[in-house]
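A short write-up of the structure that comes next.
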Amino acid sequence: MIDSATLSILISTTLILAIYTILYRENPAFRIGEHLMVGATVGHAIVLAIFQIRDLAWRKFQSGFATGNLSGIAYIIPMILGVFLYFQFSSKLRYLARISIALMLAVGLSLSIRGLIFVNVIGQIQGALAPLTSIQNIVYMIGVVCALLYFVYEQRASKLAGPLPKIGRYVLMLTMGAYFANTIMGRLSIVIGTLTSVFVAPAWYLIPVAFLIVIADVFIRRKSSTAS
Amino acid sequence: MVAREILSRNYKQVIYLGLFLSLAIPLFNPIGLPVPVQKTTLGVYNKIESLKSGDVAVIGSNIGAAIYAEVYPQYIAILEHLLRKPGVKILLVGHGTEAPIWAERALKELNAYNRKSYGTDFVHLGYIAGEEAAIASLCRDVHSLLKVDYSGKPLSDLPMMKDIGSAKDFAIVIDFTASADSQYWLNQAYASYGTPVGFGLTAIKVPDAYAYYMAGQIFGIIESLSGAAQYENLIHKPGMAVTGMDAQSLAHLLYIALIIMCNVIYVTQRRTKK
Amino acid sequence: MLFAGKLSWTVITLVFSVLMFVALYLASKKIYVPHIREHAGIQAITEAIGRAAEMGRPVSFSPGTSSIYDAKYAGDTAAALRILDYVARESIKSGSKLIVGIAPPTVLPVAQAIVKTAYTAEGKAEEYVEGDTVRFLSPDQWGFTSNYMGMMHRERVAANFLFGGHAAEALILAETGATVGAMQVAGSTNVYQLPMFIVSCDYTLIGEDQLAAAAYLSPDPAQKGVVFGQDLAKLISVALIVIGAILATAGSKILLTFLKS
Amino acid sequence: MAGIWRTTATAILLVVSLVILFDFAFKNPALQSLATDLSNWAVVVGAFALGIGAYSLILRHGGMIAKKRPVWPYSLLLLVTMFVFTVTGLITGSITSPQYNWIYSTFVMPVSSTLYGMNAFFIASASYRAFKARSWEAIVLLVSAIFLMLKNAPIGGVISPVLPQIGGVIWDFAGATGMRALLIGIGIGTLALGLRVIIGQEKTPLGGAE
């Protein structure tokens with residue numbers, strides 16, 4: 001009898017290998033992993049959502065109701081708005097769903113405006129205010145100005161800027177190349193972590209099996225493609 | 001012929017296989033690809049090499065699960081180096097609650113309890129609460145701050161502790177951390193007592209510390225996993241950092257080779273079309 | 001009254017907002033309708049959909065993995081939904097099958113409504129299949145990714161559009177799209193994922209490009225006015241940087257002090 | 001009737017946004033607690049949205065099973081897994097219970113880290129396919145990527161100590177110029193789009209123009 005820890009390792013390694021087979025081609029093993037993953041994560045999200053509604057809204061409402069705290073009682077509103085979302089399937093009461101969406105959208109957009117103007121705009125302008133006493137700072141300033149001018153969309157205005165927006169486009173491409181390469185180390189550490197976890201017995205025995213299945217499939221497909 | 005056909009139709013699969021091999025081979029069989037030794041790492045190595053019998057090395061073991069991957073290999077490599085130096089005494093201390101767990105794990109991994117004798121060659125003080133103030137009082141007088149070690153043994157029973165009073169008796173301090181506490185040792189041990197201080201840091205903390213290094217205030221820095229790999233090579237004991245860096249190096253080389261190859265093919269194809 | 005450290009935020013947000021409102025007003029009254037440079041990626045969307053229709057293969061769209069109340073990428077998601085409206089209408093017109101893959105549950109009812117409205121408006125309401133045209137894949141980043149990958153392979157999509165707040169799954173989705181031979185247009189304001197799209201997709205709307213596209217894809221031409229407002233705001237930023245740097249060289253920290261206030 | 005609700009939606013959008021924006025500028029305890037409550041409300045409403053998702057999934061995959069489409073066994077697998085996770089979570093009453101923890105760490109965690117790590121493989125195929133020197137822009141992109149790779153991997157410094165230095169210069173330049181402009185643009189663009197939605201000029205994100 002295998003204990004639950006070994007069983008867990010065997011199942012998870014099988015899943016890891018099944019997911020990796022997508023690199024070869026779409027196949028039943030990947031589909032099993034994929035559908036298991038979708039089912040599991042949706043189930044997980046349902047559990048979380050139920051607990052969230054209970055802890056974030058229902059309990060606050062209950063205790064608010066008991067103590068007469070108005071902001072607690074008010075938590076009935078998001079629960080009603082939550083139910084409103086389901087009216088979008090009704091052709092007559094669809095507008096109710098829009099109210100709930102309006103609330104969520106308002107929260108998201110205003111929080112984004114708060115944060116992005118503060119951190120992105122003000123923070124970055126602040127960072128760019130270095131005294132022009134070194135060649136480096138002068139080059140940086142020209143670079144950031146060009147890159148900003150690339151994002152000017154009004155055609156007459158962008159023509160006035162001459163070649164600067166074009167230079168800005170190159171600056172952006174340079175940035176993108178650098179940021180692309182800079183993510184690689186982190187991504188590699190994750191694969192290395194996964195590989196280290198499957199290169200241990202008993203998980204390790206499954207790897208040759210997976211490779212054999214893939215190689216067999218390659219030959220079967222070659223034969224059938226040459227036959228037809 | 002067959003190979004060419006497979007390559008042109010399934011070039012992606014061939015690339016994936018290549019990447020898998022370049023990651024898997026070093027994990028089984030570390031190659032020990034050269035990792036250029038930075039002078040910051042060498043600073044730490046030379047400092048430890050220069051320690052004489054009887055010198056006390058203080059190790060700040062502020063490792064946590066979040067920084068484990070980067071800092072723990074450094075910690076292992078430095079401890080190994082110190083354990084090899086005959087007569088050098090090691091004092092382990094930390095100020096995070098997780099610190100003693102990682103310190104004990106490292107001591108067990110290195111078999112320290114059998115290689116050296118606890119109490120005469122090394123002492124684990126566990127963790128001290130109270131941030132910079134605690135470091136300050138530790139530097140002023142170890143015995144007035146602490147009465148017992150990590151496992152509860154009285155310090156007076158440990159022969160090594162008899163010769164240690166204040167930070168003046170520390171030969172070096174090396175702090176492993178990802179937080180502001182490296183600053184504490186610099187303020188308390190270096191600034192007040194002149195004790196040389198060095199760091200083992202995560203990559204994001206390095207730029208701050210580099211300024212101290214350039215100013216000559218610290219003797220060295222071990223930078224992230226690559227620093228650990230350099231150190232493992234210096235002490236000729238390739239371990240998890242070297243393995244990880246091998247895989248990283250090979251994979252990066254593969255990426256660069258792929259970029260070059262695709263451009264060579266692209267340029268030659270364009271020429272033949274013309 | 002003002003919260004310490006928020007004076008500069010309030011001033012800048014107000015000034016920028018006023019500029020945008022004025023530009024919108026001028027455009028709606030036809031006093032000044034700006035000529036907006038159209039991103040090549042927008043024409044590419046139409047081209048990709050046309051190509052899919054010729055090949056008889058479907059079009060797939062993902063509005064990202066950020067919810068509509070996300071504190072950082074809500075704007076990104078909103079822009080993606082605007083583009084979804086455009087993509088939906090174009091695909092219906094060209095007769096190709098549209099598949100929208102959704103991750104955040106909050107985006108689902110919105111996307112359903114948008115696509116359903118588009119089908120009804122084009123007089124093809126019967127082609128909209130509940131649960132299938134707009135598919136809820138999984139609220140989990142990786143559950144969504146695996147299912148979107150599988151969907152692209154199985155449906156053999158010929159055009160794939162990735163907009164909105166995508167995270168680490170960006171490259172995986174884009175490379176899978178390339179593997180199945182789809183023409184791809186993407187856009188995001190997640191600066192760490194933009195490089196992935198640029199490398200892997202045929203056209204990429206970089207950061208603000210996507211947010212501006214949301215305005216000029218609007219059927220109401222007056223909305224283009226706001227893009228001109230954005231331009232003015234950027235020119236002010238350029239001026240602040242240049243003037244501030246010159247002031248700093250002269251030893252004055254007045255602008256820096258303002259920004260920190 | 002519909003007209004009133006339409007106005008209500010627009011009004012809510014405007015009022016809620018203004019409350020949260022004003023809360024950022026002014027330090028006022030009443031405003032602050034209102035803004036916090038509103039943000040929490042959005043999360044609660046969002047939690048309800050999952051029901052629509054689950055309904056949509058059951059509709060689609062249930063249909064596949066009922067119609068015996070070729071892929072129906074996978075749909076069945078999906079629905080069964082979903083059911084098992086939901087029931088286990090609800091019966092054990094917590095997502096930290098040992099049983100739930102076991103199924104989660106056995107089924108979900110390995111797949112997540114596998115997919116995340118798969119990025120490394122796609123970086124390889126993207127490197128081969130996409131980094132072609134088709135234009136000057138593409139050349140800039142690929143040259144800066146190569147130098148950054150040589151900076152990060154220790155092998156670069158072995159070939160020549162100058163390589164990591166060039167990579168470092170490119171990295172600093174990229175952060176101080178392109179990234180800065182990109183972030184400023186995104187801030188301004190989000191403000192513009194946000195304002196249009198908030199004042200009711202852009203209705204698509206609410207569920208299509210009506």
Side-chain angles (χ1 to χ4, degrees), chain B residues 7 10-24 26 31-39 41 203 206-207 210 223-230 232-233 241-242 244-270, chain D residues 96 101 105 109-110 113-176 179:
Chain B
L7 259 178
N10 303 317
Y11 75 94
K12 280 195 174 176
Q13 281 77 358
V14 176
I15 291 173
Y16 298 145
L17 192 66
L19 182 64
F20 174 77
L21 290 177
S22 63
L23 292 172
I31 315 167
L33 280 176
V35 182
V37 179
Q38 287 161 292
K39 52 183 194 300
T41 315
V206 169
Y210 201 70
E223 300 184 11
S224 189
L225 193 68
S226 76
Q230 293 162 28
E232 285 177 0
N233 282 336
V242 164
M245 289 315 281
D246 270 353
Q248 290 271 7
S249 274
L250 275 187
H252 273 87
L253 278 181
L254 180 78
Y255 293 144
I256 295 170
L258 286 170
I259 295 180
I260 294 172
M261 251 167 66
C262 94
N263 278 295
V264 169
I265 295 172
Y266 175 70
V267 171
T268 45
Q269 272 178 352
R270 226 173 39 168
Chain D
T96 50
N101 198 16
S105 58
M109 273 169 22
S113 64
T114 304
L115 283 164
Y116 196 172
M118 210 175 265
N119 265 306
F121 288 86
F122 288 127
I123 288 171
S125 56
S127 298
Y128 183 78
R129 187 175 52 80
F131 277 112
K132 284 190 186 119
R134 285 193 201 91
S135 62
W136 283 107
E137 275 178 21
I139 292 174
V140 172
L141 184 82
L142 85 91
V143 168
S144 96
I146 288 183
F147 275 113
L148 254 288
M149 288 184 199
L150 289 170
K151 168 185 172 276
N152 287 339
I155 200 79
V158 176
I159 301 167
S160 158
V162 186
L163 292 175
Q165 283 171 8
I166 300 176
V169 170
I170 293 178
W171 177 247
D172 291 344
F173 179 78
M179 194 41 66

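Residue numbering restarts at 1 for every chain, and letters A, B, ... go by the order of the sequence lines. Excluded from the calculations below are hydrogen atoms, water molecules and symmetry mates; all remaining heavy atoms, backbone and side chain alike, are included. This one's a predicted model, so the numbers in the text were calculated from it and none came from an experiment.
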Task: side chain to side chain contact (heavy atoms under 4.5 Å, CB included) partners of B/L254, counting only residues at least two apart - done: B/L19, B/S22, B/L258

Open item on the list: For B/I260, give me all partners under side chain to side chain contact (heavy atoms under 4.5 Å, CB included), at least two apart in sequence or on another chain.
Closed with: B/I256, B/V264

Open item on the list: Just so I know, are the side chains of B/P36 and D/P154 near enough to count as touching, which here means a heavy-atom distance under 4.5 Å?
Closed with: yes

Task: Side chain to side chain, B/L253 and D/M149, heavy atoms closer than 4.5 Å - done: no

Open item on the list: Can you confirm whether more than 12 heavy atoms, excluding those of D/Y116, are under 6.0 Å from its OH atom?
Closed with: no

For the atom pair [atom1] ([X]) and [atom2] ([Y]), what is the distance rounded to the nearest 0.5 Å?
| X | Y | atom1 | atom2 | result |
| --- | --- | --- | --- | --- |
| D/Y128 | B/I15 | OH | CD1 | 6.5 Å |
| B/Y16 | D/F122 | OH | CZ | 4.5 Å |
| D/K132 | B/I265 | NZ | CD1 | 8.0 Å |
| B/Q248 | D/I155 | CD | CD1 | 12.5 Å |

Open item on the list: Sort by residue number and list every residue of residues 137-148 of chain D having at least one heavy atom under 4.5 Å from chain B.
Closed with: D/L142, D/I146

Open item on the list: Quick test of your reading: applying side-chain hydrogen bond (donor to acceptor under 3.5 Å, both in side chains), list the pairs with at least one residue in residues 150-176 of chain D, sequence neighbours left out, ordered by first then second residue.
Closed with: A/N182-D/N152

Open item on the list: Heavy-atom cut-off 4.5 Å, strictly under: side chain, backbone, both or neither for D/A130 against chain B?
Closed with: neither

